[in-house]
2 protein chains.
Amino acid sequence: MERKAVSRIPRKKDIAPKQIPYSTIVRLTQYLRVVEKLNDLGISGISSAELCEETRINSFLVRKDLSYFGEFGTRGVGYDIPSLRLELEKILGLTEAHRTVIVGAGNLGTALVHYDGFKEKGFKIVAVFDSDPSKIDKKIGDFVIESVFMLEEYLNTNKDVTIGIIAVPASGAQFIANLLIASGIKGILCFAPIQLMVPDDVVYSAVDLTTYLEIISYYITNPDARRTGDMHY
Amino acid sequence: MERKAVSRIPRKKDIAPKQIPYSTIVRLTQYLRVVEKLNDLGISGISSAELCEETRINSFLVRKDLSYFGEFGTRGVGYDIPSLRLELEKILGLTEAHRTVIVGAGNLGTALVHYDGFKEKGFKIVAVFDSDPSKIDKKIGDFVIESVFMLEEYLNTNKDVTIGIIAVPASGAQFIANLLIASGIKGILCFAPIQLMVPDDVVYSAVDLTTYLEIISYYITNPDARRTGDMHY
DNA sequence: CTATGTGAAGAACTTCACAGCT
DNA sequence: AGCTGTGAAGTTCTTCACATAG
């Protein structure tokens, strides 16, 4: 069975000195989104109460989340938007672009290649792969589609690629994941509706579209069930 | 500012008698995924410990999650897969298909139309809309793309549509959402990287691809940070 | 003897209240 | 005077231990 508390000694608290909740990280991305928007509008400062209005995240929680990482505000004043933005980018590791490959050049892969948000937010797509011979050497935007059989070699000669996006059907997803993992990729974002086996040192996130619809279905069917703000991710 | 505890009397506990965690609902979809898979393989039963192996969700939690909704297992034996599957489908409101419209026939919309998972899992796409005149009357799979200006009328004459998927650029997303809301849609899944204003009685979930990558970036940059199993959604 | 279901204990997370700067 | 930062209180969620049922 799962990890069994054998000696009853090492409680979680003992192992982990000062952990940051996962939900805090998710919220940081929301603060960043607001701060980017206001920065573009030329607004220079914001208070936790205003951030609350923009995000619907309680202002206490806004301050607590930020305080895990430092003291970014000025008491009596609030947060300076350019510097808060920079701090958030530093925390999230966005100060330099993550070089990213996309595997799978179907409709989803194509949509991802064309998605402007990635470039803007510091995820630089560097190559696109597919297994379908009829697609290879065709172009998507500025990219020439390469064979998945070249993926391993590509990653071995381009060690600075940190993230792989898997946009292939479920049947091929684990194979691709294994290639990525073997080449030392650090993060994987998978759109195939399958639970991948990924070692603990690779950061792995799955986006299963069916799951989102099923969750929506639950809350439609059970309108009285509480929905926390957490729903949006 | 946000809701302020005025009279200090009604604590949350008093208002909410027996709440089911959002994370429980997310996990139910994972149990369903496993049970579907094993059912297809012809396996008839599963214990909470085996479900734990498949999902990496603690077996205590598996049992607790299921017990919110009833007693589906047999002590000393485990869970019968066909009946557990049915129960999960009932809980999640999947026993009859949700009629679903997709708005936005770009690459993402096209990918969604072609995505087999939806049909299989009981989300029946019934129509596809776009604002680009050059796309209207073109076909995606079996669907003829209709003008967004027909969306309102379509929904008013097809009141059984419960879910709308928004796959348009951020600039048009709120407009589309307003049409869907005005027509009495029950659930919205939005792929545009924007926070929509949606009334409380409409179930709303947002999938922001950038957010997922930013979260991955954080955990790549901070390898010692704890990652809970919760990451996969 | 095995595996579920659940009250109770424990951990994690959020909210609060106010001290502390500006 | 105003807003942040944070220890403490409060709440929610998870883990545990064991009674219970087959």
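By convention in this document, chain letters (A, B, ...) are assigned in the order of the sequence lines, proteins followed by strands, and residues within each chain are numbered from 1. This one's a predicted model, so the numbers in the text were calculated from it and none came from an experiment.
- Not a single ring-ring contact (aromatic ring centres under 6.0 Å, His included) links B:F72 to another residue, sequence neighbours left out.
- Rounded to whole Å, the distance from CG on A:L66 to P on D:dC3 is 16 Å.
- Counting only heavy atoms from C-beta on, A:P21 has its side chain closest to C:dC13 among C:dC13, D:dT6, D:dA19.
- If you check residues 81-90 of chain B against DNA chain D, you find no residue with a heavy atom closer than 4.0 Å.
- At a cut-off of 3.5 angstrom, the base of C:dT4 holds no donor-acceptor pair with the side chain of B:R63.
- B:E54 pairs in a salt bridge (charged side-chain N to carboxylate O under 4.0 Å, His left out) with only one of the listed residues (B:R33, B:K37, B:R27), which is B:K37.
- As a whole-Å value, the separation of B:K64 NZ from D:dT15 P is 11 Å.
- B:E71 places its CD atom 13 Å from the P atom of D:dT20, with the value rounded to the nearest Å.
- A close approach under 4.0 Å does occur between a side-chain nitrogen or oxygen of A:S48 and OP1 or OP2 of D:dT4.
- With rounding to whole Å, B:D65 atom CG is found 12 Å from D:dT15 atom C1'.
- Screening residues 77-86 of chain A for salt bridge (Lys or Arg N to Asp or Glu O under 4.0 Å) gives A:R85-A:E89 as the qualifying pairs, with residues at least two apart or on separate chains.
- Distances were taken from every side-chain heavy atom of A:L61 (C-beta onward) to each of D:dC16, D:dT6, C:dT15; the shortest belongs to C:dT15.
- Scanning for ring-ring contact (aromatic ring centres under 6.0 Å, His included) contacts around A:F123 gives A:H98, with sequence neighbours left out.
- Residue B:T74 is the one, among B:T74 and A:V77, whose nearest nucleotide of DNA chain C lies closer to the 5' end (criterion: closest heavy atom).
- Distance, B:I57 CD1 to D:dC13 C1': 14 Å, rounded to whole Å.
- Pairs engaging residues 177-191 of chain A under the side chain to side chain donor-acceptor pair (under 3.5 Å) rule: A:Q174-A:N178 [sequence neighbours left out].
- What separates CD of A:Q19 from P of D:dT14 is a distance of 16 Å, to the nearest Å.
- Closest to the A:R75 side chain, of the nucleotides D:dG2, C:dG5, D:dC16, is D:dG2.
- Comparing D:dC16, D:dT4, C:dT4 against the side chain of B:N58 picks out D:dC16 as the nearest.
- If you measure from atom CZ of A:F60 to atom C1' of D:dA8, you get 14 Å, rounded to the nearest angstrom.
- The side chain of B:Y79 places an N or O atom within less than 4.0 Å of a non-bridging phosphate oxygen (OP1 or OP2) of C:dG5.
- Identified under the salt bridge (Lys or Arg N to Asp or Glu O under 4.0 Å) test for residues 159-174 of chain A, with sequence neighbours left out: A:R99-A:D160.
- The aromatic rings of A:F69 and B:Y218 sit perpendicular to each other, their planes meeting at more than 60°, with 30° as the lower class boundary.
- With rounding to whole Å, A:D80 atom CG is found 15 Å from C:dT22 atom P.
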